[in-house]
Amino acid sequence: MADILKHLDLNSVDGTRLNIDALYQIVPSAFTEVRDDKTGEISRKVNFEVLRRLLGDNATDGDGEMYQFTWVGKNAARAEAAKPTDKTLRPVPEDSVDWDNTKNVYIEGDNLEVLKLLQRSYMSKVKMIYIDPPYNTGNDFVYHDDFARPVAEEDLEAGNVDELGNRFRKNTDTNGKFHSDWCSMIYSRLLVARSLLTEDGVIFISIDDNEVRNLRNICDEVFGEHNFVAQLVWERAYSPKNDAKYISNSHDYILMFAKQIEDFTIGRLERTEEANARYFNPDNDPRGVWKPSDMSVKTYTASCDYPITTPSGKIVEPPAGRCWRLSAKAFAERLQDNRIWFGSDGSSVPSIKRFLSELKYEGMAPTSILFYKEVGHSQEGAKEVVSLFGDKGVFDGPKPVRLLQRLITLANLKEDSIVLDFFSGSASTAHALMKTNSEKDKHCQFILVQLSEEVSDTKKDQGYKNICEIGKERIRRAGAKIKAASPLTTQNLDIGFRVYRLDESNYENVSLSPKEYKQDQLDLFANNIKSDRTDLDLLYGSMLAWGVRLDLPLQAETVDGCTIYTVNEGDLVACFSSGITDKVVAAMADKSPLRVLFRDACFKEDAQKINIYEQFKQALDWADNDAFNNIRVI
């Protein structure tokens, strides 16, 4: 009975297990049960012979010629995306704004590790992802996912390490795997990020000519070629560079892919005065303003080739090689309903009246070219940061807020959708979302992730040691500016954010057997929590492991000298204090929790665990299986 309270699995999701579970839902008959020769445990495995028979002629063994996109390191990148991580996110309330009330999240750390940690809590919950990854120009930061480099070589390199000791790498064009390294970096992250999108979700990725071809191929594989929505062209420069050697490059790209395109509905643009001015009502039609539409089409159909007599008596026929859009019967019906226009004098070629009030969609269809006059240019993005900080050069190349707001519109966010940016840089995405929330009276939330990459000495002199410091300060200043601009309508606007920082596991490594430890090390088995970790570290690490979101409200109270933590009025109730009493358990049960969490060190003997188990069963009317699954220890 000592194991009656199960230990919480503190690793992130196993990507391979996710794939197996998804396949099992589609073809359960392709699975069988196999006993492990070493452990004797029985597990579910794929029977490839059965799967191949089910697929018939639609399977290949990979031999021979076929269409595929590959590079050096692709298999390793795929394996890295599927591998769980034992790292954790530690709360940093002192860097946060309005911790107790905000729904926004800012995370410092390597985005691949962070994305893995977010999977349990945010799988299929993110409506929009926007990322502006390194463009691979030869000088920008790429990644540090290289586990093959010896420590001595790492130690010889100067500068640029994050809090975990990972060294940032530049990807110069002298690297033999210049494109391959970049492809591996983005591929592994997109594989994990896709699982976070809602079924009607969408991702936008900014890129330039250096990697747009490779990125499109990668996205076709990760998201499915059929889920491609558009390759948007952003006019980022408003004037040509006369010192360009060949062509003055004035644009970047933004790739747009849906999670499931049949579930995605694009957000349309608000109608402009210029667009509405094309509609008029010269015949005072009671259905309102309209505009004429050509009644002829290129595709010829004999039944639609007939003469029409205008009100003035003039006979007109379709232009050469064309025919009317309507059959003779349909034309007569439209004519009877006053939907055909022959001009003010009744002698013009007929046209169809299209009423503004009868448009199929509200708003205007977005176009694939994002002109700077409508969404801003790169200089506008830079000026926005300068206007907030008052310093020039605090961040290089920020995207303009108007550009991000256009993408937010296209994403068609709901009232409280989640927006994720895991290359957040100067936090333009947070700025744009807060501004959109203030203008549209929405309550959408952001999750930003940024590696704490060091900045130049100039930026350090301005008081910012890394990019994260710049991003967090921008959110603070942008939020305050938005509220100050509209104090009456932004009283409930969420401009806060909770900060979390990626760190090594909260737990000591106790993978050795007890006999391999010295006597003074055996207490690791009784208390395996690292000495510098707090209750909040344990709580939020456990929330991620148990699939509880990081933005939920938290309350703490003391009962019999023990602290009880309640997440979102009972989604999770936890106590890590020693000396737990019946009164503490009763207080926890009174909250009707969905999940109950304790620390192993809370219990002096196994009998207490059995007692806790029985107390919760009785208090909450749980069956044995409910109690067994809903109570965990760490």
Side-chain angles (χ1 to χ4, degrees), residues 200 202 229-230 232 256 258 261-375 402 405-415 436 439-442 489:
D200 64 344
V202 63
V229 180
L232 305 173
M256 181 181 180
I261 200 161
E262 61 271 16
D263 296 327
F264 174 65
T265 302
I266 198 164
R268 297 172 71 86
L269 308 181
E270 291 184 2
R271 296 194 61 83
T272 63
E273 292 183 7
E274 179 184 0
N276 289 338
R278 301 188 187 110
Y279 290 79
F280 54 99
N281 194 0
D283 59 347
N284 294 316
D285 194 305
R287 287 165 291 198
V289 295
W290 52 271
K291 70 177 181 178
S293 174
D294 188 359
M295 213 182 92
S296 68
V297 293
K298 291 181 180 179
T299 307
Y300 184 80
T301 304
S303 62
C304 293
D305 188 354
Y306 53 87
I308 292 176
T309 302
T310 70
S312 67
K314 180 180 177 182
I315 297 176
V316 294
E317 296 190 8
R322 298 169 70 94
C323 66
W324 300 124
R325 185 182 303 272
L326 304 172
S327 66
K329 181 182 178 182
F331 172 77
E333 291 173 349
R334 295 284 184 104
L335 183 64
Q336 180 68 27
D337 195 29
N338 190 24
R339 290 179 177 270
I340 303 297
W341 177 247
F342 293 95
S344 57
D345 59 358
S347 62
S348 299
V349 174
S351 58
I352 301 173
K353 293 164 68 174
R354 305 289 188 188
F355 292 92
L356 180 60
S357 60
E358 295 178 352
L359 290 178
K360 184 177 180 180
Y361 300 105
E362 291 186 9
M364 298 173 58
T367 63
S368 60
I369 301 179
L370 305 172
F371 295 104
Y372 73 77
K373 291 183 179 179
E374 299 175 2
V375 301
R402 284 198 293 161
Q405 285 193 281
R406 170 63 61 87
L407 302 185
I408 288 170
T409 297
L410 302 187
N412 200 16
L413 302 184
K414 297 179 173 63
E415 166 65 23
T436 300
E439 294 169 353
K440 305 295 183 183
D441 194 25
K442 289 191 174 184
T489 59

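These values consider heavy atoms only, across backbone and side chains, with no hydrogens, waters or symmetry-generated copies. Note that the structure is a prediction, hence the values are computed from the model and not measured.
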Backbone N or O of Ser344 within a donor-acceptor pair of the Ser348 side chain at under 3.5 Å? no
Between Lys353 and Lys291, is the side chain to side chain contact (heavy atoms under 4.5 Å, CB included) condition met? List the steps. CA-CA 6 Å; Lys353 293 164 68 174; Lys291 70 177 181 178; over 6 Å; no
Are the charged groups of Lys414 and Asp200 less than 4.0 angstrom apart, N to O? yes
Do the side-chain N and O atoms of Thr310 and Ser312 include a donor-acceptor pair separated by under 3.5 angstrom? yes
Residues Glu270 and Arg406 bridged, charged N to O under 4.0 Å: no
Residue pair Asp283 / Trp290, side-chain donor-acceptor N/O under 3.5 Å: yes
With a cut-off of 6.0 Å (strictly less than), are more than 12 heavy atoms of other residues, nucleotides or ligands near CD of Glu274? no
Between Arg325 (side chain) and Ser293 (backbone), is there a donor-acceptor pair under 3.5 Å? no
Which of parallel (below 30°), tilted (30 to 60°) and perpendicular (above 60°) describes Phe342 and Phe331? perpendicular
Determine yes or no for a side-chain-to-main-chain donor-acceptor pair under 3.5 angstrom, with Thr367 supplying the side chain and Ile369 the backbone. yes
Before giving the answer on side chain to side chain contact (heavy atoms under 4.5 Å, CB included), spell out for Asp337 and Arg287 the whole-Å C-alpha distance, their side-chain angles and the decisive distance to 0.1 Å. CA-CA 11 Å; Asp337 195 29; Arg287 287 165 291 198; 3.2 Å; yes
Run the side chain to side chain contact (heavy atoms under 4.5 Å, CB included) test on Ile266 and Asn412 for me, step by step, so that the C-alpha distance in whole Å, both residues' side-chain angles and the decisive distance to 0.1 Å come before the verdict. CA-CA 6 Å; Ile266 198 164; Asn412 200 16; over 6 Å; no
For Glu415, does the CD atom have more than 12 heavy-atom neighbours from other residues, nucleotides or ligands under 6.0 Å away? yes
Do Lys442 and Thr436 come close enough that some side-chain heavy atom pair is under 4.5 Å? no
Pair Glu317 + Arg322, salt bridge at N-O below 4.0 Å: no
